[in-house]
Colleague: 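Take a look at the following structure, please.
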Amino acid sequence: TLHRAIDVSADPLQTYRDAAALGIDTVLTSGAAASCVQGVDVLCSLLAERDRTNGPEVLIGAGVNAGVIRQLSAALPGARAYHMSGKVELESRMVFRREGVPMGLPGLDEWHIQQTDTASVRAARQVLDEWFKELVLKTSDSRERTMGSNPILSAILCEKVNSLSL
């Protein structure tokens with residue numbers, strides 16, 4: 001997996017193509033933005049390129065949760081891979097805290113810990129299960145290819161997404 005290199009490159013689409021040429025099978029990206037919701041236009045372009053060229057999987061990350069998966073799966077029907085930490089910040093159980101003596105990087109919060117939240121992961125899994133059931137029903141009913149694997153439909157949907165406000 002190419003880990004978010006696209007997000008800091010001058011030309012995300014060219015970086016995706018370069019990754020494909022190197023044989024990389026997955027690229028983790030927010031769509032060259034602080035969050036995947038903000039990067040929806042670039043994600044749309046990357047998904048269309050993936051479908052057009054049978055390129056690396058686009059693994060959508062940065063701010064992913066159940067609501068975002070629901071939002072992006074509606075806006076980007078070709079999206080089929082998400083990366084999330086499901087983390088929450090918990091108060092440290094330390095009783096004594098000596099202020100002004102950092103044990104790590106200056107400015108690092110030492111009084112909280114980040115932990116994966118089971119409920120967040122379950123909620124995301126539920127959204128994905130619902131999406132998959134709809135996809136299977138749609139595919140079996142129509143005997144057509146899914147929208148996400150059809151480059152022409154992906155290109156048309158990209159144009160529609162550009163006019164959407166997430």
Side-chain angles (χ1 to χ4, degrees), residues 1-9 11-20 22-90 113-140 142 144-166:
T1 300
L2 182 63
H3 194 275
R4 297 203 61 196
I6 285 174
D7 299 336
V8 294
S9 71
D11 186 345
L13 191 55
Q14 185 57 52
T15 303
Y16 177 87
R17 291 176 180 139
D18 292 343
L22 291 170
I24 293 172
D25 63 357
T26 305
V27 293
L28 173 61
T29 179
S30 63
S35 75
C36 57
V37 172
Q38 293 169 330
V40 73
D41 292 339
V42 172
L43 289 170
C44 189
S45 297
L46 296 172
L47 291 167
E49 181 71 7
R50 178 204 64 198
D51 292 345
R52 188 181 70 75
T53 63
N54 197 28
E57 185 60 70
V58 176
L59 180 59
I60 298 171
V64 172
N65 59 40
V68 167
I69 294 170
R70 186 173 283 113
Q71 202 174 13
L72 291 184
S73 64
L76 302 169
R80 57 186 183 219
Y82 295 91
H83 174 280
M84 70 175 270
S85 64
K87 67 185 169 200
V88 293
E89 194 171 87
L90 303 174
I113 57 173
Q114 293 182 348
Q115 185 174 10
T116 300
D117 179 53
T118 304
S120 296
V121 174
R122 281 194 179 118
R125 172 65 190 263
Q126 182 177 357
V127 170
L128 291 169
D129 286 347
E130 291 167 7
W131 172 82
F132 185 72
K133 285 178 190 174
E134 288 176 26
L135 180 69
V136 168
L137 288 173
K138 187 185 300 181
T139 303
S140 64
S142 65
E144 295 175 0
R145 297 171 58 186
T146 63
M147 288 190 286
S149 63
N150 186 320
I152 296 169
L153 280 177
S154 291
I156 292 168
L157 289 167
C158 278
E159 290 178 5
K160 286 189 134 191
V161 166
N162 289 334
S163 67
L164 290 178
S165 173
L166 296 177

Colleague: How long is the gap from NZ on Lys87 to CG on Asn65, to the nearest 0.5 Å?
Modeller: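 Reported value, rounded in 0.5 Å steps: 12.5 Å.
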Colleague: Hey, what do you get for CD1 (Ile69) to CD (Glu130), rounding to the nearest 0.5 Å?
Modeller: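 Spacing of CD1 (Ile69) from CD (Glu130) equals 11.0 Å.
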Colleague: Is Arg50 reaching over with its side chain to a backbone N or O of Gly78, donor-acceptor style, under 3.5 angstrom?
Modeller: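 Yes; at least one donor-acceptor contact below 3.5 Å.
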Colleague: Just how far is it from atom CG of Leu43 to atom CD of Gln38, taken to the nearest 0.5 Å?
Modeller: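 It is 11.0 Å, given to the nearest 0.5 Å.
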Colleague: Of all the heavy-atom pairs spanning Ser73 and Trp131, show the shortest one and how long it is.
Modeller: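 Nearest heavy atoms, Ser73 then Trp131: CB-CD1, 3.9 Å.
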Colleague: Any side-chain to backbone donor/acceptor pair from Tyr16 onto Leu47? Under 3.5 Å, distance only.
Modeller: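 Not confirmed, Tyr16 side chain does not pair with Leu47 backbone.
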Colleague: Is any NZ, NE, NH1 or NH2 atom of the basic residue among Glu49 and Arg52 found under 4.0 Å from an Asp or Glu carboxylate oxygen of the other?
Modeller: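 The answer is yes: the pair qualifies as a salt bridge.
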Colleague: Check Ile24 against Thr26 and note the closest heavy-atom contact, atom names and distance.
Modeller: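 Nearest pair, atom of Ile24 first, then Thr26: CG2-O, 3.2 Å.
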Colleague: Hey, what do you get for CZ (Arg4) to CG (Leu59), rounding to the nearest 0.5 Å?
Modeller: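 So the gap between those two atoms works out to 11.0 Å.
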Colleague: What's the spacing between Asp117 CG and Met84 CE if we round to 0.5 Å?
Modeller: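 The CE atom of Met84 is 8.0 Å from CG of Asp117, to the nearest 0.5 Å.
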Colleague: Quick one, Cys36 and Val64 - any side-chain contact, counting heavy atoms below 4.5 Å?
Modeller: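 Yes - at least one pair of side-chain heavy atoms lies under 4.5 Å apart.
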Colleague: Please walk me through it: do Arg125 and Asp129 pass salt bridge (charged side-chain N to carboxylate O under 4.0 Å, His left out)?
Modeller: CA-CA 6 Å; Arg125 172 65 190 263; Asp129 286 347; 2.9 Å; yes
Colleague: Looking at every non-hydrogen atom in both residues, tell me the closest pair between Ala19 and Val27 and how far apart they are.
Modeller: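 Closest heavy-atom pair between Ala19 and Val27: CB-CG1, 4.0 Å.
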Colleague: For the atom pair CG (Leu2) and OG1 (Thr15), what is the distance rounded to the nearest 0.5 Å?
Modeller: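 Answer rounded to 0.5 Å: 8.5 Å.
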Colleague: Specify the closest pair of heavy atoms between Val68 and Gly63, including all atoms of both residues, with the distance to one decimal.
Modeller: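 For Val68 versus Gly63, the nearest heavy atoms are CG2-O, 3.4 Å.
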Colleague: With distance as the sole test, does Thr29 use its side chain to make a donor-acceptor pair with the main-chain N or O of Gly31 at under 3.5 Å?
Modeller: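 Checked: pair present.
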Colleague: Which heavy atom in Val40 sits nearest to a heavy atom in Leu72, and how many Å separate them?
Modeller: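 Shortest heavy-atom separation between Val40 and Leu72 comes out as CG2-CD2, 4.1 Å.
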Colleague: Which heavy-atom pair separates Pro12 from Leu46 by the least distance, and what is that distance?
Modeller: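 Looking at all heavy atoms of both residues, the shortest contact is O-CD2, 4.0 Å.
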